[in-house]
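None of these values were measured; they are calculated from a predicted model. When reading the values below, keep in mind they use all heavy atoms of this one structure, side chains included, and skip hydrogens, waters and symmetry mates.
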Amino acid sequence: MIDIHSHILPELDDGSSSVSESLLMLGEMRRQGIKIVAATPHFEGHRETVNSFLERRAKSFEALSEANTEELPQIRLGAEVLYFEGVSRMEGLKSLCIEGTDLLLLEMPVTKWSSYILSETVNLARSGEFRLVIAHFERCIPAQKRGMLDYLLENDLLIQANASYFLERRTKRRAISLLKKNKIHFLGSDCHNMKERAPRLYAAYNLIGKKLGEHFTDEMRSFAYDMFSAEERQYISQNQ
Ligand SMILES: [Fe+2]
């Protein structure tokens with residue numbers, strides 16, 4: 001399994017608060033059968049430059065790598081890029097894609113999007129520079145006008161949902177229904193810690209398998225796998 005959304009790097013954002021917490025999260029992911037995890041710390045481009053973020057991320061990753069003596073899921077560095085007006089003009093955006101892929105995870109406002117926000121996002125998705133993935137779409141879609149999810153899908157945006165969307169009683173039916181209609185491309189744990197936002201990707205896949213059949217979860221896994229370069233795919237298939 002591949003987790004494309006996590007906050008496992010230590011002391012970078014509101015995710016893992018220490019190297020030891022990161023190691024516990026990674027250990028839990030390994031128990032769940034995750035082979036590759038994208039580390040996607042929050043990036044706020046209206047406050048920080050891409051270079052400064054990349055430096056902080058590299059230091060955090062180095063500290064974690066030095067302490068990691070076990071065979072844990074492999075980390076691929078990325079970012080969860082917070083949308084701001086003008087984000088499409090920011091230099092270095094492409095360097096925030098998840099390593100080994102051309103996926104850029106974008107966190108959209110949870111308030112109603114203006115026509116500017118929508119057109120900037122769609123233009124970015126259609127720029128051909130990378131594939132734009134809306135992070136935990138379930139948080140931002142409720143405030144939008146009806147049909148927004150279909151509009152995004154028609155305009156080449158990819159959709160990521162959190163494992164919790166499938167696991168919470170009040171949202172799981174809707175989550176399964178949208179997945180069945182192929183309106184969700186990726187699942188991510190969006191884990192932040194080992195408490196209320198712990199890694200729970202396996203439980204979500206397990207539920208989907210029960211509701212929609214194993215072929216469905218196999219297809220989802222393959223879809224995520226196909227996003228990676230040939231080299232990465234070889235690693236994943238050798239370690240399955
Ligand atoms: Fe996140």
Side-chain angles (χ1 to χ4, degrees), residues 1-8 15 25-38 40 73-74 76 78 80 98 101 103 105-108 110 131-228 233 236-237 239-240:
M1 259 185 299
I2 299 170
D3 187 349
I4 72 148
H5 186 163
S6 78
H7 298 268
I8 41 147
M25 290 160 81
L26 285 163
E28 175 56 24
M29 287 179 168
R30 179 190 55 199
R31 277 187 287 283
Q32 294 181 20
I34 287 156
K35 304 293 178 202
I36 300 265
V37 54
T40 53
Q74 291 247 335
R76 296 295 175 263
E80 180 177 7
I98 296 169
T101 76
L103 300 176
L105 193 61
L106 187 69
E107 180 177 26
M108 295 297 290
V110 294
R131 281 185 266 200
L132 206 55
V133 183
I134 301 290
H136 39 60
F137 84 102
E138 67 274 18
R139 282 195 208 160
C140 54
I141 288 294
Q144 313 313 322
K145 61 181 182 193
R146 238 179 125 83
M148 181 59 80
L149 181 58
D150 290 330
Y151 181 76
L152 297 177
L153 290 164
E154 283 159 17
N155 282 282
D156 303 337
L157 280 122
L158 294 168
I159 303 297
Q160 181 257 315
N162 281 358
S164 59
Y165 190 44
F166 290 84
L167 298 172
E168 282 168 17
R169 200 193 293 184
R170 65 187 175 85
T171 54
K172 65 164 73 164
R173 272 180 70 174
R174 172 118 182 102
I176 292 287
S177 154
L178 290 175
L179 190 63
K180 201 173 168 182
K181 293 178 197 154
N182 296 314
K183 295 187 180 187
I184 298 171
H185 300 99
F186 303 107
L187 289 195
S189 68
D190 194 14
C191 59
H192 280 63
N193 50 48
M194 281 298 285
K195 295 173 201 143
E196 71 286 352
R197 299 185 77 181
R200 292 198 293 163
L201 200 62
Y202 175 78
Y205 268 107
N206 197 32
L207 178 91
I208 295 163
K210 280 185 187 151
K211 297 276 184 194
L212 301 178
E214 293 299 326
H215 67 283
F216 220 99
T217 47
D218 289 348
E219 271 176 30
M220 290 192 77
R221 286 192 185 98
S222 309
F223 189 80
Y225 172 85
D226 287 343
M227 294 293 126
F228 283 81
R233 294 204 299 270
I236 302 165
S237 55
N239 288 279
Q240 258 167 5

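Distance check, rounded to the nearest 0.5 Å: CD1 of Ile141 to CG of Leu178 gives 9.5 Å. Between atom CD1 of residue Ile8 and atom CG of residue Leu26 there is a gap of 4.5 Å, rounded to the nearest 0.5 Å. With rounding to the nearest 0.5 angstrom, the CG atom of Leu157 is 10.5 Å from the CE atom of Met148. Ile134 CD1 to Glu107 CD: the interatomic distance, rounded to the nearest 0.5 Å, is 10.5 Å. Taking CD1 from Ile184 and CG from Asn162, the interatomic distance works out to 10.5 Å, rounded to the nearest 0.5 Å. Rounded to the nearest 0.5 angstrom, Lys181 NZ and Ile176 CD1 are separated by 12.5 Å.
The two residues His7 and Thr40 have their closest heavy-atom pair at CE1-O, 3.1 Å. Counting all heavy atoms, side chain and backbone alike, Ala143 lies closest to Val110 at CB-O, 3.2 Å. Heavy atoms only, all atoms of each residue included: Leu201 and Ile2 are closest at CD2-O, 3.7 Å. Between Met25 and Asn193 the shortest heavy-atom distance is CE-N, 3.5 Å. Between Ser164 and Thr171, the shortest heavy-atom contact is O-OG1, 4.1 Å.
Counted by atom type alone, Glu80 and His136 present one or more donor-acceptor pairs between their side chains at under 3.5 Å.
Using a 4.5 Å cut-off on side-chain heavy atoms (C-beta onward), Ile159 and Lys183 make no contact. Inter-residue side-chain proximity for Asp3 and Pro199 is flagged as unmet; no heavy-atom pair is nearer than 4.5 Å. Counting heavy atoms from C-beta outward, Asn182 and Leu153 have side chains that stay 4.5 Å or more apart. By the 4.5 Å heavy-atom criterion applied to side chains, Leu179 and Lys211 are not counted as neighbours. Side chains of Phe223 and Leu158 form a contact here, defined as non-hydrogen atoms less than 4.5 Å apart. Side chains of Gln32 and Ser189 form no contact here, defined as non-hydrogen atoms less than 4.5 Å apart. At least one side-chain heavy atom of Tyr205 sits less than 4.5 Å from a side-chain heavy atom of Met220. The closest side-chain heavy-atom distance from Lys35 to Gln74 is not below 4.5 Å.
Of the possible donor and acceptor atoms, one in the side chain of Ser222 sits under 3.5 Å from a partner among the backbone N and O of Asp218. Between the side chain of Ser6 and the backbone N or O of Ala38 there is at least one donor-acceptor pair closer than 3.5 Å. No donor-acceptor distance shorter than 3.5 angstrom exists from the side chain of Gln160 to the backbone of Val133, with no hydrogens or angles considered.
For Lys180, the side-chain hydrogen bond (donor to acceptor under 3.5 Å, both in side chains) criterion is met by no residue, not counting sequence neighbours.
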>> Between Met29 and Cys191, is the side-chain contact (heavy atoms from CB on, under 4.5 Å) condition met? List the steps.
In response: CA-CA 10 Å; Met29 287 179 168; Cys191 59; 3.4 Å; yes
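Pairs engaging residues 147-169 under the ring-ring contact (aromatic ring centres under 6.0 Å, His included) rule: Phe137-Tyr165 [sequence neighbours left out]. Applying the salt bridge (charged side-chain N to carboxylate O under 4.0 Å, His left out) test to every pair with at least one member in residues 195-210, sequence neighbours left out, gives these pairs: Asp190-Arg197.
The local environment of CZ in Arg233 is crowded, with over 12 non-hydrogen atoms from other residues, nucleotides or ligands closer than 6.0 Å. Other residues, nucleotides and ligands place more than 12 heavy atoms under 6.0 Å from the CZ atom of Phe216.
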